Number of protein chains: 2
Amino acid sequence: MKGSVESALTQLKAWLAQPDLPSDGRLPPERELCTLLGVSRGALRKALSTLEQDGELWRQVGKGTFIGARSVEKSLSISTVAEGSNPLEVMQARLLVEPMLAGEATVHATGAHLAEMHRCNRIQREARTWRQYENADNRLHRTVAEATGNTVLLALFDQLNAIRRTVVWGRLRDKPDYPPADHKSFGQHELLVRAISERDQEGAYQAMHDHLMTVQESLLRASSRGSGSEPDNF
Amino acid sequence: MKGSVESALTQLKAWLAQPDLPSDGRLPPERELCTLLGVSRGALRKALSTLEQDGELWRQVGKGTFIGARSVEKSLSISTVAEGSNPLEVMQARLLVEPMLAGEATVHATGAHLAEMHRCNRIQREARTWRQYENADNRLHRTVAEATGNTVLLALFDQLNAIRRTVVWGRLRDKPDYPPADHKSFGQHELLVRAISERDQEGAYQAMHDHLMTVQESLLRASSRGSGSEPDNF
DNA sequence: AATTCTAACCAATTGTAAATTGGTTTTGCA
DNA sequence: TGCAAAACCAATTTACAATTGGTTAGAATT
């Protein structure tokens, strides 16, 4: 009959109105529920589908059908994301996000931000250990994010950074002992800070993009070189 | 003999100095390693223990023994970020992030992604309740993030979305009962999906940007109107 | 002829039991 | 007494079967 789906919808709504449904918001599997309501599985599924579009329940393969809104805490775990990712993917995300942050920083950066960036540049030039260089690099990138003046963007950067660290952790065994000598990054970092200082939005975007491109290139070079350590300040 | 532990420590350090140890930093299980080094398990364990106290490796039952420092997962609290933010700031972050995601989606979107986006468009056109409309909107935006094919970008979008929901949580009084009638968003959503379908990167970026601009405008209009409900699908 | 129902199959997830692994205790031996 | 070997324990991973939402093909019904 034609109205079988509507009938199923009615039956389903009536069943959901029951006061004694399980407290975890999970309703029986479709194969049980359809016999319980005396409708075919197809009709039940169409009824469930409309209720899902209304946001009154949500379904997931292998898990079940649940009342209410989907739980959000799914992919917020940094380690979970990191496990399903790889250095190249993180790098490409950085290539999209960080130049945008640099461009935004040109609009909102304060004098304190600029001073801190210059300080990072100086520390990098004078760095004598890899650790010093790396710390200054991290600090510079985060200062750019701070300079956007947007706490949400800063939180996103921190999330990206945490994912990056977790992805790299375990892969990078032995870091070099000394900072890079003939390194492009020196000049690129200074170009970046200059562009932000001069409120050159496009220039800052480009400088950050170029810098991350060289990082990506050395990353690719390293991974193609085999199991060797990943270089640069990735 | 007395110096068996010291012998084990020496052997172990020599083994760790090997250049071809596995890249994940994991050592062979104790039962293998002790035969490998020709020492008893007890002596090996004492040697491992001293190295662990020195922070040169860490161990966990059932997992293994690893070189380096334990990974630390510091979880970034969404509610903390949300408390120090506001709807306008979230909106500006969206304006910077989501058009970029849309542009990237044009490169990597699969047929399944496009089908899902069209489905969201259709549901929005046919929506009869606000909740239906809002669900489809959320779904569409998330599908765009999925279509980037980058799990890190997807995680960042989820983070941004979670912040948005938390920020809006306490401020949104009463939602309208019916979906928007003369709404710009209809056309904008369809423009967006069309641009992604046609692999028009710049067009997708622009469409998402325009869409979010109208959302922001209505948000500003609402907040200037006083304590009234924030409209649209913010 | 069209629709709907049934059954089978698929893919994601969960549940479970066995195997693995670091930590501890017991036993054997010199 | 001291140490090595074995046995045992608990946390974790792995392998595999069972469950569950999603899909498709063919039979059944109208």
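The structure displayed is predicted, hence computed values, not measured ones. Per chain, numbering begins at 1; letters A, B, ... match sequence-line order.
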Taking [atom1] from [X] and [atom2] from [N], how many angstroms apart are they, rounded to a whole number?
X	N	atom1	atom2	value
B/W58	C/dG23	CH2	C1'	16 Å
A/E6	C/dT3	CD	P	15 Å
B/D24	D/dT13	CG	P	13 Å
B/L44	C/dT24	CG	P	15 Å
A/E30	D/dT20	CD	P	10 Å
B/L48	C/dT24	CG	C1'	16 Å
A/L36	D/dT20	CG	C1'	17 Å

* **Sugar-phosphate, base or nothing in reach of B/G42, heavy atoms under 4.0 Å** => nothing
* **For B/Q159, the option from A/V81, A/L156, A/L160, A/D158 that meets side chain to side chain contact (heavy atoms under 4.5 Å, CB included)** => A/L156
* **Approximate separation, where rounding is to 0.5 Å, of B/S85 OG and B/Q92 CD** => 9.5 Å
* Asked: If you measure from CD on B/E98 to CE on B/M208, what distance do you get to the nearest 0.5 Å?
  -> 5.0 Å
* Structure fact -> When B/R41 and B/V61 are each assigned the nearest nucleotide of DNA chain D, the 5'-most assignment goes to B/R41
* On DNA chain C, nearest-nucleotide positions of A/K46 versus A/R26: which is more 5'? -> A/K46
* Nearest non-hydrogen partners of A/L154 and A/A145, listed with the distance -> CD1-CB, 3.9 Å
* To do: Please confirm whether any donor atom in the side chain of A/R31 sits under 3.5 Å from an acceptor in the base of D/dG22, or the reverse.
  => yes
* Asked: Given D/dT13, D/dT20, C/dT21, which nucleotide is nearest the side-chain atoms of B/P29?
  -> C/dT21
* Asked: Among D/dG21, C/dC5, D/dA7, which is the nearest nucleotide to the side chain of A/A43?
  -> C/dC5
Output yes when at least one side-chain N/O atom of [X] is less than 4.0 Å from OP1 or OP2 of [N], else no.
X	N	answer
B/R45	C/dG23	yes
B/T65	C/dG22	yes
B/Q60	D/dA11	no
A/R59	D/dT20	no
A/S4	C/dT3	no

* To do: Spell out, as yes or no, whether a donor-acceptor pair under 3.5 Å connects the side chain of B/R194 to the backbone of B/A204.
  => no
